[in-house]
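What follows is one structure encoded as structure tokens, with my remarks underneath.
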Amino acid sequence: MDEKFLKPYNPQESEARTYEAWQESGYFNPDTCIEKGITKANAEPFSIVLPPPNVTGKLHMGHAYEDTLQDVFIRFNRMLGKKTLWLPGTDSAAIATQARVEKNIKKEEGLSRHDIGRDELVDRVSAFAKESEEIILSQIRRMGASLDWSRYAYTLDEKRNLAVATAFKRMYDAGLIYRGNRIVNWDPKGQTTISDDEIVHEERQAKLHTFRYSKDFPIPVATTRPETKVGDVAVAVHPDDARYKEFVGKEYEAIFCDVPIHITVVADQEVDPEFGTGAVGVTPAHSQTDWDIAERHDLPKDVVVINEYAKMSVTGRLNNMKTTDARESVVAWLLEEGLLEKSEDVTQNVSTAERTGGIIEPLPKLQWWVAVNKPFVLPHSTIHGIKSGEKTTLKQLMRTVVESGAVSIPQDGFRKTYFHWIDNLHDWCISRQIWFGHRIPAWYRSDEVSVGTSAPSGEGWTQEDDVLDTWFSSSLWTFSTLGWPEETQDMKTYHPTSLMSPAYEILPLWVSRMILMSGFHLGEVPFKTVMIHGLVRDKQGRKFSKSLNNGIDPLDMIEKYGTDALRMGLLVGTSIGNDIRFDENKIKGYKHFANKLWNITRFILENASSDLKAVSYNEVDNALKKSFDELAEDVTKDIEEYRVYMAAEKLYHYAWHELADKIIEESKPILQGNDMIAKTSRELLLNEILNNLLRLLHPFMPFVTEEIWQSLPSKDKEFIMIASWPVTIK
RNA sequence: GCGCGGUUAGCUCAGUUGGUAGAGCAACUCAUUUACACUGAGAAGGUCGGGGGUUCAAGUCCCUCACCGCGCACCA
């Protein structure tokens, strides 16, 4: 017996060495497994593409959990003999990364991005990204993740750039990407547009002011944003509202706070006659709903009164004031003029930018969009529910794919969330006014526009300044990582991928858009199953956040208890989909468990390794073996049906409370006794159970099982990682 | 407003197609150098959020209410 078993199991001593050995073996790469005859060339594929972590930060508990889940499925399927690929990568995360670096530069050098210039800034952001990339990748390795590093991808590398430009061009040619002047969510703090999904609503106290534009204006109007009223072009009322019927169609002139305005009264179904005065002041340029009203009634939409810095751009006293100051100024003016009827306190939801916290200012801007409601013909489709050559829209495609089960979301509640989101979906604004990211592959020359994967020939073309929303490139991820648009062998073998297991936060942001992109470009689903998981929270159930300073570094847990303990602690006792409260005590418990396995092994090696070998079990041992086999089948079924938390718990329970507490305890007299048949039978049993149990546990606790496996005398020195799963699946 | 979760032992949570309520931790009693103290044995702890229904049988299915989270939309 190896002397190491005389001391307690020490994960710190062996984990790094073990990971190194796995990596050197090349078995993370399915091609190597085939070459070495471990996987059959015609084996069924199983693939997962790692949701690429942002190159802004370091590994947090959420990553640790997500990586564990995926690694369990990957290791399980590899041991089943499937052609198993887990593909790693990282995401440039355009806005997040640039914002981070800009902040540092501002703090350390007092310079803005415009002082530095585009090229210099992009260089600096890229350097920062490179640095954090290395950190996060080394951290993922410490989780024991069996990723095929030879296929590593980065959203801004050459192949992914080609994929992005190709995707953009094809969608542009199909009329699904267009450039248009529409209301965007403008973040004055970040100086960029953001998509609807990057907005966070915050409840605030506000005042609802009821006023008239002028003394002789017949209809009072209520607003929480008086400063925008200088941009009003109409008042909308409900068509059936008797109070205002006589005014519909009439036009009025007024000088509102030094600004001449022209107001038309229109009737619109959307107006709620019960709210406020039952009349809406329509400001098309600074409100999405008002823009829509203006479209329906053919009202002017170009009366812009607020600029990109959230300052007023009008004639008179308000000019160049911050909107918040202008608000007070307008109220004061209304009071002076006797136009203010009342002011009430209301709670209001304010839209803020997720990344910067800036208050969103709706502004009309010329931007690039993905049209989600525009019909197009999908030439080739293997998606269940959509035929080749069928006419559809991107929205419909996203819905059908999940409805038909082409993408399976086993958790019913999340299916509903998904549909709810799809039904509320508007065109997707994909241009961002920042410099780090994929520059939009469009070139302009006077009135001409050229879209392509490279600059058009000829003189005088300038490329679009804006870059793409980071989710545009992320949505291509399942296939851009496999070599698309080239027709690679990897594409044929591993796409659609088998499983995606994202946090529920990212379902609309990412999952649905991967379905969109894969559907349009390939006529395929991006993955067959989506297993949505919850968030890891602190002990009090709060989100981990910098401001609360409640973060727990997974690496600290690994230092203290070992990776296997962390993995088990995150998995057991948590159904997938619900949030998890992080409990260090649990992790500690599984450190003890790793040691328990260590000592079970020690006992068996010390007491059940005589030279005499039984060829069959006696009756008692046969029954014990049978019940173990039942457990093995049970656990296998649990993993196949995504109940990994139950599988892990059952194995834990069996190892500790069956094998150690009962079988080993009962073995002591047998092994010391004189009944050689009973003794050799029991020796065989203990060795068999240990051998199989280690394999069953390996996906969950890869390090300790490998470390033990390497010391079992009966085995050759192959890795447990590529040992066969003890249960055959039909 | 629309929607999604959750409510089970002191705490954190499991509970698969309905079939005698489970685990870990904590607390309690005992064992004391054992393969393992990163230990073992034992006992205790629950009208499964409330109410109603379906059923031979409900933590599980249906209806309803309450409370706690969360998402989406939004009214000017």
Side-chain angles (χ1 to χ4, degrees), chain A residues 1 5-10 196-197 199-201 208-210 221-226 228-229 232 235-237 270-283 286-290 293 346 348-349 351 411-426 504-505 507-508 534-535 537 539 541-543 561-562 565 568-569 572-575 577-586 588-608 634 637-638 641-643 645-646 648-650 652-653 656-657 660-661 664-665 667-668 671:
Chain A
M1 186 188 72
F5 288 109
L6 301 178
K7 286 184 289 185
Y9 172 59
N10 178 1
D196 293 347
D197 308 287
I199 285 179
V200 185
H201 295 285
L208 181 67
H209 305 284
T210 305
V221 166
T223 183
T224 53
R225 295 199 62 188
T228 64
K229 299 293 104 184
D232 281 12
V235 165
V237 298
E270 288 298 298
V271 178
D272 177 0
E274 305 294 319
F275 186 85
T277 61
V280 184
V282 180
T283 325
H286 300 290
S287 152
Q288 181 65 56
T289 43
D290 292 6
I293 292 174
V346 288
Q348 189 198 26
N349 276 336
S351 306
Q411 300 131 301
D412 228 29
F414 289 120
R415 281 169 59 94
K416 286 183 188 158
T417 308
Y418 177 85
F419 291 135
H420 187 246
W421 180 79
I422 300 272
D423 294 340
N424 283 310
L425 190 63
H426 303 292
Y504 56 72
E505 286 185 308
L507 184 70
L535 306 180
R537 296 172 175 277
K539 228 183 159 179
R542 303 172 304 182
K543 257 186 171 179
Y561 307 112
M568 285 294 276
V572 177
T574 60
S575 66
N578 290 340
D579 287 353
I580 296 165
R581 288 196 192 201
F582 184 82
D583 182 1
E584 185 169 342
N585 255 324
K586 249 169 104 181
K588 192 170 158 192
Y590 290 106
K591 180 185 199 288
H592 297 177
F593 179 54
N595 193 55
K596 192 77 183 178
L597 291 173
W598 195 250
N599 281 292
I600 288 170
T601 308
R602 175 176 165 187
F603 176 86
I604 293 174
L605 293 180
E606 275 179 340
N607 301 289
D634 205 17
K637 203 176 157 217
D638 282 336
E641 292 169 12
Y642 306 105
R643 293 185 299 269
Y645 51 100
M646 287 194 79
E649 187 171 352
K650 282 174 187 167
Y652 168 87
H653 201 259
W656 202 308
H657 300 297
D661 290 348
I664 285 185
E665 287 307 319
S667 296
K668 288 175 181 173
L671 295 171

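What you see is a predicted model; the values in this text were computed from it and never measured. Side chains are part of it too, since the values below use all heavy atoms of this structure and drop only hydrogens, waters and symmetry mates. Protein chains get the first letters and strands the later ones, always in sequence-line order, with residue 1 at the start of each.
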So what does [X] touch, heavy atoms closer than 4.0 Å: a base, only the sugar-phosphate, or nothing?
X	value
Glu274(A)	nothing
Lys637(A)	nothing
Tyr645(A)	sugar-phosphate
Leu208(A)	nothing
Asn578(A)	sugar-phosphate
Gly413(A)	sugar-phosphate
Asp290(A)	nothing
Thr283(A)	nothing

Let me have RNA chain B in dot-bracket notation, would you? Count Watson-Crick plus G-U wobble pairs, both distances under 3.5 Å, and use [ ] for pairs crossing earlier ones and | for inter-strand partners. (((((((..((((.....[..))))..((((.......))))......(((((..]....))))))))))))....

According to side chain to side chain donor-acceptor pair (under 3.5 Å), does anything in residues 412-421 of chain A pair up with another residue at least two apart or in another chain? List the pairs.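 Residue pairs passing side chain to side chain donor-acceptor pair (under 3.5 Å), neighbours aside: Asp197(A)-Trp421(A).
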
Separation of the C1' atoms in C56(B) and G18(B), to the nearest angstrom: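 Pairwise C1' distance, C56(B) against G18(B), rounds to 12 Å.
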
Min side-chain heavy-atom separation Leu6(A)-Arg602(A) under 4.5 Å: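 They are in contact (side-chain heavy atoms under 4.5 Å apart), so the answer is yes.
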
I want to check something: taking the side chain as every heavy atom from C-beta on, are Lys543(A) and Asp579(A) in contact at a cut-off of under 4.5 Å?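 A side-chain contact under 4.5 Å is absent here.
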
With under 30° as parallel and over 60° as perpendicular, where do the rings of Trp598(A) and Phe5(A) fit, or are they tilted in between?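 Because their plane-to-plane angle lies in the 30° to 60° range, the rings of Trp598(A) and Phe5(A) count as tilted.
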
Can you label the angle between the Phe593(A) ring and the Tyr590(A) ring as parallel, tilted or perpendicular, going by 30° and 60°?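 Rings of Phe593(A) and Tyr590(A): perpendicular, as their planes differ by over 60°.
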
Specify the residue among Asp579(A) and Pro8(A) whose closest nucleotide of RNA chain B lies further upstream toward the 5′ end.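 The residue whose closest nucleotide sits nearer the 5' end is Asp579(A).
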
Candidates Glu584(A), Lys588(A), Lys586(A) - the one meeting side chain to side chain donor-acceptor pair (under 3.5 Å) with Tyr561(A):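 Answer after filtering Glu584(A), Lys588(A), Lys586(A): Glu584(A).
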
Reading RNA chain B from 5' to 3', where do the contacts with chain A start and stop? Cut-off is 4.0 Å to heavy atoms.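 Extent of the interface on RNA chain B: C2(B) to A76(B).
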
